[in-house]
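The structure appears below as structure tokens.
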Amino acid sequence: MRFSNLFGKTLKEIPSEADTLSHQLLLRAGMIQQVAAGVYSYLPLGWRVLRKIEQIIREEMDKAGGQELMLPTLQPFELWEESGRYPSFGKTLFTVTDRREHRLVLGPTHEEVITELVRRYVQSYRDLPLLLYQIQNKFRDEPRPRGGLLRVREFIMKDLYSFDVDEAGLDTSYQKMLQAYKNIYSRCGLSAVMVEADSGAIGGKESHEFMLIAETGEDEIICCSNCDYAANVEKAWSVKHELEKKTPLTVEEISTPNIKTIEEVADFVGVPTSHTLKAVFYSADDELVFVVIRGDMEVNETKLKNLLKCSELRLATEPEVKAAGLVAGSASPVGLKGIKIVADDSITLGSNFIAGANKPDTHLKNVNYSSDFNVDLIADIAVARLGDSCPKCNGKLLSSHGIEVGHVFKLGTFLSERLMAYFLDRNGASQPIIMGCYGIGLGRLLAAAVEQNHDDKGIIWPMTIAPYHIYLCPLRLENSDVAETAEKLYQDLTSANLEVLFDDRDESPGIKFNDADLLGIPLRLTISPRALENQSIEIKWRKESQVQLVPLKEITSITKELLESHSEAV
RNA sequence: CGGGGUGUAGCGCAGCCUGGUAGCGCACCUGAAUGGGGUUCAGGUGGUCGCCGGUUCAAAUCCGGCCACCCCGACCA
């Protein structure tokens with residue numbers, strides 16, 4: 001490709017809309033262009049990267065036994081009512097109305113459509129297992145798109161769906177995909193970690209995410225310093241420290257004027273916050289829920305939401321709390337009636353707690369679970385704490401930020417049951433198909449690759465996904481030696497099946513070198529009068545600073561060897 | 001949806017407070033010089049100042065409404 005013909009232009013200044021690094025670099029390199037909030041065009045260079053990622057994913061899916069197909073973007077709205085997932089997706093569903101006033105959904109994911117397809121063709125256990133996938137645009141009306149390509153409303157996703165006869169089959173499919181995913185990230189030159197995850201709106205039980213560790217990542221990952229335990233903070237748990245159990249004493253009222261927060265209460269009484277019970281109020285599908293947790297812990301809303309099986313969970317507003325007759329700052333589960341009470345199991349790991357009294361400026365001491373109050377539900381709903389013990393090995397837990405670049409789910413049978421996807425087993429009994437689904441966002445992966453591979457000059461593409469392999473950079477094009485050598489080299493390298501971006505522009509060396517660095521092409525060949533006098537050409541890796549001279553005669557073969565050995569190394 | 005911010009040429013910005021019909025840098029076009037890390041000089045193209053309405057002799061500027069985009073929170077590949 002001749003740079004002079006290339007559509008797109010590099011920018012010296014950072015567009016003001018971008019403050020995420022990958023977003024800035026991709027815009028400056030002329031690889032993407034914003035069309036609306038969370039909606040982007042890919043320009044030729046960006047699209048080349050995307051297609052390389054796509055091809056790697058396709059190869060790994062095929063290798064794992066996947067069959068590629070293509071499902072429509074438009075989906076009947078009724079399908080979402082049938083599957084029961086409409087409420088959990090809610091406003092993130094983009095819907096359109098056709099001329100007959102029928103509602104259609106722009107597919108945010110395709111479990112419904114593919115399950116309906118599969119149920120027509122699968123009647124017997126002999127038709128299974130199946131791994132079906134597609135690479136296609138998805139639409140989600142995200143509440144807040146952000147970070148350029150990191151979180152958008154229209155995005156290209158690879159989604160694979162597995163269909164098995166039993167749990168063992170699902171395990172096999174799941175393992176195949178985990179391996180395929182690991183292969184994909186490593187072939188893209190990226191280091192991803194697999195973490196336990198919550199399955200959210202997709203549904204199902206077991207789920208893992210693949211995270212690229214990056215400061216800008218939206219997700220918090222909890223991992224063990226000692227073993228391989230790693231989980232999204234939404235899912236993570238830590239071993240809770242149990243307090244010394246004392247003989248339960250009788251509840252007593254104490255006066256606590258103007259004392260409201262847990263810290264104030266603990267200070268006032270002279271105990272650590274772990275000796276108090278904290279009350280938090282939520283609205284779960286518009287029902288007020290009273291949550292109790294030990295004072296030194298925080299409520300994990302994802303866990304709470306799963307426990308309550310509700311589709312919308314938020315902190316209750318002050319008016320709602322008042323309307324329920326609760327006293328903010330002194331609310332108590334003791335003697336509370338008519339409100340659902342949910343507790344974290346930490347309230348059993350201690351005794352004689354300080355709690356509210358449901359009276360202003362008053363608290364209770366010596367409050368004990370089960371003797372002084374009861375709850376409707378009790379489970380682990382706490383945020384895992386750093387420094388606490390790992391649930392697997394007792395090592396210390398650490399945290400880091402990550403970008404979610406893949407998510408896999410064991411769906412089980414809830415969708416196949418609702419959508420009537422059954423098969424006959426060996427014994428002639430009708431069974432629901434066991435499903436799994438496995439997604440990768442390609443644009444996000446591309447952006448994450450930039451987040452992980454750049455310096456202050458620009459992008460440093462891993463060889464396997466670089467838009468071009470070689471940046472052919474002649475200096476002083478008015479010198480006929482340089483011009484002729486460059487033209488010939490461009491022909492030779494291209495004929496050798498190497499991907500070359502030929503900077504044939506009459507620009508200053510500074511502009512060319514800076515653009516080469518910004519675009520992040522792995523290998524740069526510089527042709528200059530100076531080096532030509534010695535019958536040689538300069539060669540430089542983007543990620544290194546040394547320049548090497550290579551004899552002109554051998555340049556094509558040496559370049560080819562270099563690139564090949566480099567690709568294998570990845 | 002709640003909180004904060006921004007909209008002036010393709011990009012980055014100034015002008016707005018104190019109304020008088022738009023300016024700088026980059027990019028782009030022409031010419032000349034230059035030539036190893038965004039080179040210099042000269043000349044030039046490009047804007048209904050986000051939109052609608054109001055005030056005024058006169059609005060980028062003042063007032064009202066709307067819209068778009070970005071950032072922080074509830075969601076996800």
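Throughout, a chain's letter reflects where its sequence line sits, starting with A, and its residues are numbered from 1. Side chains are part of it too, since the values below use all heavy atoms of this structure and drop only hydrogens, waters and symmetry mates.
Of the listed nucleotides (B:G37, B:C70, B:A77), B:A77 has the atom at the smallest distance from the side chain of A:Met157. The listed nucleotides are B:A77, B:G37, B:G35; the one nearest the side chain of A:Glu142 is B:A77.
Annotation: A:Arg2, atom CZ; neighbour count of heavy atoms from other residues, nucleotides and ligands within 6.0 Å is above 12. Counting non-hydrogen atoms of other residues, nucleotides and ligands closer than 6.0 Å to CD of A:Glu81 gives a total above 12.
In the model, A:His23 has a side-chain atom that pairs as donor or acceptor with a side-chain atom of A:Tyr40 under 3.5 Å.
Residue contacts for A:Pro474: at a heavy-atom cut-off of 4.0 Å it reaches no nucleic acid atom on any strand shown. Counting any heavy atom pair closer than 4.0 Å across all strands shown, A:Asp141 reaches no nucleic acid atom. Within 4.0 Å (heavy atoms only), A:Ile440 reaches no atom of the nucleic acid at all. Contact annotation for A:Lys9: backbone-only contact, meaning every heavy-atom pair under 4.0 Å involves sugar-phosphate atoms and none involves a base. Counting any heavy atom pair closer than 4.0 Å across all strands shown, A:Pro143 reaches a base atom. Nucleic acid contact for A:Arg153: none, since no nucleic acid atom lies under 4.0 Å from a heavy atom of the residue. Within 4.0 Å of A:Gly441, counting heavy atoms only, lies at least one base atom of the nucleic acid. When heavy atoms are screened at a 4.0 angstrom cut-off, A:Gly147 is found touching the sugar-phosphate backbone but no base atom. A:Arg314 comes within 4.0 angstrom of no nucleic acid atom, judged by non-hydrogen atoms across all strands. If you check every strand for non-hydrogen atoms under 4.0 Å, A:Leu445 touches nothing. Among the heavy atoms of the strands, none lies under 4.0 Å from A:Asp159.
Taking 4.5 Å as the limit, some side-chain heavy atom of A:Gln34 sits within range of a side-chain heavy atom of A:Glu17.
For A:Ser16, a side-chain nitrogen or oxygen approaches OP1 or OP2 of B:G12 to under 4.0 Å. The phosphate of B:C71 (OP1 or OP2) has no side-chain N or O of A:Arg146 nearer than 4.0 angstrom. One finds a side-chain N or O of A:Gln34 lying less than 4.0 angstrom from the OP1 or OP2 phosphate oxygen of B:C70. Considering only side-chain N and O atoms, A:Ser508 lies under 4.0 angstrom from the phosphate OP1 or OP2 of B:U39.
Mapping A:Glu17 and A:Asp515 onto RNA chain B via the closest heavy atom, the residue that lands nearer the 5' end is A:Asp515. With RNA chain B read from its 5' end, the first of the two nearest nucleotides for A:Gly439 and A:Arg505 is the one closest to A:Arg505.
Considering A:Arg140, A:Lys138, A:Arg153 in turn, A:Arg140 is the only one that fulfils the side chain to side chain contact (heavy atoms under 4.5 Å, CB included) rule with A:Pro108.
Partner assigned to B:G43 is B:C29, using Watson-Crick or G-U wobble distances below 3.5 angstrom. B:G38 is unpaired under the Watson-Crick or G-U wobble criterion, no partner having all donor-acceptor distances under 3.5 Å.
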